[in-house]
Enquirer: 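Encoded as structure tokens, here's the structure I'll be asking about.
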Amino acid sequence: METTTVQQDAPALGRRFAIMQFRIGGMPLPMFVAVMLVTVLAIASGRLPNDMIGGFAVLMLAGLLLSEVGRRIPLLRHIGGPAILCLFVPSALIGYKLMDPAALKTITTTMKTANLQYLYIACLVAGSILGMNRKILIQGFLKMFVPLLAGTAAAVAAGMLVGLAFGYDPKHTFFFIVVPILGGGIGEGVLPLSIGYSQILGTPQGELIASLVPAALIGNVVAILSAGLLKRFGEKYRQYSGDGVLVRTGEDQALLREKKDDAPLDLRLMGAGLLLGCTLFILGELMAPLTGIPGPVLMIVAAALLKVARAIPESMEVGAYQMYKFMSTNLTFAILVGLGTLFVSWDKLIAAFSPAYFVICAVIVLAMVAAGFFVGAWLKMYPVESAIVTACHSGLGGTGDVAILSSSNRMGLMPFAQISTRIGGAAMVVFATVLMKLFY
């Protein structure tokens with residue numbers, strides 16, 4: 001009888017163990033449900049704090065849940081599903097007036113009054129640039145400069161020509177379709193870009209984000225699909241593929257050996273990195289009145305110049321990078337939920353997705369990939385790898401790079417992809433902001 005009981009209990013124990021093994025945001029499912037239940041009860045009873053405590057709880061819970069769902073939906077998970085759901089679902093809830101007023105109030109306080117998005121931008125920009133290996137940054141950029149420049153030029157030219165054919169104003173096509181695709185993602189690209197545009201045009205940032213986000217999302221999807229097709233092309237025509245090697249002489253492998261392992265986590269250095277990110281943001285704001293260029297854009301320039309000049313101690317660069325990793329790992333989806341709630345108009349978002357808009361975005365990415373392929377071949381790079389790295393210029397930041405490289409089974413190209421996304425994206429944001437200052 002005892003043996004039978006144990007045998008009968010085994011499936012139940014297995015299910016209970018499986019539930020405990022299932023995690024959302026690092027938490028076992030029962031713990032996540034308990035935390036969510038406390039927050040929901042606080043909202044229902046009107047006891048949710050209208051400050052960053054309540055805001056963090058709502059934003060992080062929603063971000064973790066929506067990103068987990070996005071990772072598990074077939075097809076959607078391969079094209080940036082977590083980011084798409086985190087942006088679109090809150091925007092739809094606001095558009096259809098389904099979001100609880102208490103939750104909306106605390107999100108507004110956290111995102112607008114406390115300016116959480118600015119802190120996020122400061123940490124991401126400082127850490128992503130300062131955290132790169134200097135030798136890989138300089139030499140890798142020199143190797144990728146020509147394909148990246150050719151790809152960018154081809155993307156701009158093709159996008160504006162196709163936009164013109166569909167009746168789009170060339171300036172609108174460049175600033176609101178081409179640039180967000182090539183800007184390096186949402187955190188490092190669309191956000192500082194929207195702040196810069198807002199200061200120049202006098203338009204609310206929310207309206208601008210709603211205009212910029214669709215292009216970035218579609219561009220990322222096309223880049224992922226292109227990388228998958230390039231992988232198959234390389235398997236069929238072996239002479240064009242380096243199987244993950246970029247340069248035919250193998251010089252890139254010697255360069256990648258310069259990459260150091262990540263330093264052990266240092267909480268004190270993370271604090272210094274947080275302060276450094278804030279200081280760079282403030283520096284950008286101080287320089288803005290002197291140059292006429294928005295502060296968040298100048299922050300990108302300052303971080304790059306300081307990195308190349310070795311003006312910041314390596315330990316503080318490590319701290320900035322570790323803070324970047326913390327923020328990008330834990331707050332990216334929370335920030336996207338906040339953006340979708342407050343800054344992305346559902347009506348404008350839906351209106352942006354027209355067939356002509358899709359075609360323009362697709363042509364921009366495909367022109368860039370084609371240029372990377374042919375210019376890479378001319379420079380004695382493997383064309384498939386050169387095209388894939390160039391495609392990363394239209395990725396959604398680091399997560400976009402992972403999606404693009406994993407779809408092509410080329411994760412070893414990550415350092416070059418990061419140069420394409422981060423440095424290429426940062427350069428595009430600065431360039432576009434300066435141009436807008438001149439033409440508007």
Side-chain angles (χ1 to χ4, degrees), residues 24-26 36 52 55-73 76-95 99 103-104 106-112 114-125 128 180-181 183-195 205-221 224 296 324-346 348-350 352-353 395-403 421 425:
I24 299 180
M36 179 170 279
M52 291 185 73
F56 268 107
V58 173
L59 290 171
M60 291 186 72
L61 283 169
L64 291 172
L65 180 61
L66 290 172
S67 63
E68 188 65 33
V69 173
R71 288 190 189 99
R72 295 181 177 276
I73 298 177
L76 188 66
R77 65 187 178 189
H78 298 300
I79 58 174
I84 291 172
L85 288 190
C86 286
L87 280 167
F88 284 24
V89 171
S91 179
L93 291 175
I94 293 294
M99 183 171 286
L104 176 59
T106 192
I107 290 174
T108 304
T109 299
T110 304
M111 291 293 293
K112 288 190 172 181
N115 272 335
L116 177 62
Q117 60 160 330
Y118 281 19
L119 176 64
Y120 176 80
I121 293 169
C123 291
L124 252 63
V125 170
S128 64
I181 290 177
I186 294 178
E188 296 99 322
V190 169
L191 283 184
L193 200 62
S194 65
I195 296 170
Q205 187 189 2
E207 293 183 18
L208 294 168
I209 289 180
S211 300
L212 299 170
V213 162
L217 293 175
I218 295 172
N220 186 63
V221 171
I224 293 168
Y324 153 78
K325 293 291 288 183
F326 173 82
M327 297 290 279
S328 61
T329 300
N330 295 293
L331 290 183
T332 292
F333 297 120
I335 292 292
L336 291 179
V337 169
L339 293 176
T341 303
L342 301 175
F343 297 103
V344 179
S345 166
W346 180 247
K348 291 189 176 182
L349 198 60
I350 296 302
F353 289 99
L396 284 179
T399 55
D401 288 342
V402 170
T421 304

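Position 1 is the first residue of the sequence, and the numbers go up from there. Quantities reported herein were computed from a predicted structural model and do not represent experimental measurements.
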Enquirer: Quick one: CD1 on I73 to CG on L85, what's the gap to the nearest 0.5 Å?
Expert: 5.0 Å
Enquirer: Who passes ring-ring contact (aromatic ring centres under 6.0 Å, His included) against F56, sequence neighbours left out?
Expert: none
Enquirer: Would you name the heavy atoms of F333 and P82 that are closest together and state the gap between them?
Expert: CE2-CB, 3.5 Å
Enquirer: Tell me, please, which residues at least two apart from Y120 pass side-chain hydrogen bond (donor to acceptor under 3.5 Å, both in side chains).
Expert: T332
Enquirer: Can you list the residues that meet the side-chain hydrogen bond (donor to acceptor under 3.5 Å, both in side chains) rule with S328, with sequence neighbours excluded?
Expert: none
Enquirer: What is the distance from atom CE of M111 to atom OG1 of T106, rounded to the nearest 0.5 Å?
Expert: 12.0 Å
Enquirer: Test side-chain contact (heavy atoms from CB on, under 4.5 Å) on M327 and I335; report intermediate values, then the result.
Expert: CA-CA 10 Å; M327 297 290 279; I335 292 292; over 6 Å; no
Enquirer: Working to the nearest 0.5 angstrom, can you tell me the gap between Q117 CD and L342 CG?
Expert: 9.0 Å
Enquirer: List in chain and number order the residues that pass side-chain contact (heavy atoms from CB on, under 4.5 Å) with R72, two or more places apart in sequence or in another chain; answer none if no residue qualifies.
Expert: F22, E68
Enquirer: Would you name the heavy atoms of T110 and G55 that are closest together and state the gap between them?
Expert: OG1-CA, 3.2 Å
Enquirer: Quick check: closest heavy atoms across G25 and L64, and the distance to 0.1 Å?
Expert: CA-CD2, 3.6 Å
Enquirer: Is there side-chain contact between V190 and L208, with at least one heavy-atom pair below 4.5 Å?
Expert: no
Enquirer: Do L331 and M60 come within less than 4.5 Å of each other through their side chains, counting heavy atoms only?
Expert: yes
Enquirer: Taking side-chain contact (heavy atoms from CB on, under 4.5 Å) as the test, write out the residues that go with T341, two or more places apart.
Expert: P90, I94, M99, L104, I107, V337
Enquirer: Under 4.5 Å between any side-chain heavy atoms of L61 and L65, yes or no?
Expert: no
Enquirer: Would you compute the distance between atom OG of S194 and atom CG of L339 and round it to the nearest 0.5 angstrom?
Expert: 8.0 Å
Enquirer: Which atom names give the shortest non-hydrogen contact between P180 and A216, and what distance separates them?
Expert: O-CB, 3.7 Å
Enquirer: Can you list the residues that meet the side-chain contact (heavy atoms from CB on, under 4.5 Å) rule with A92, with sequence neighbours excluded?
Expert: Y96, W346
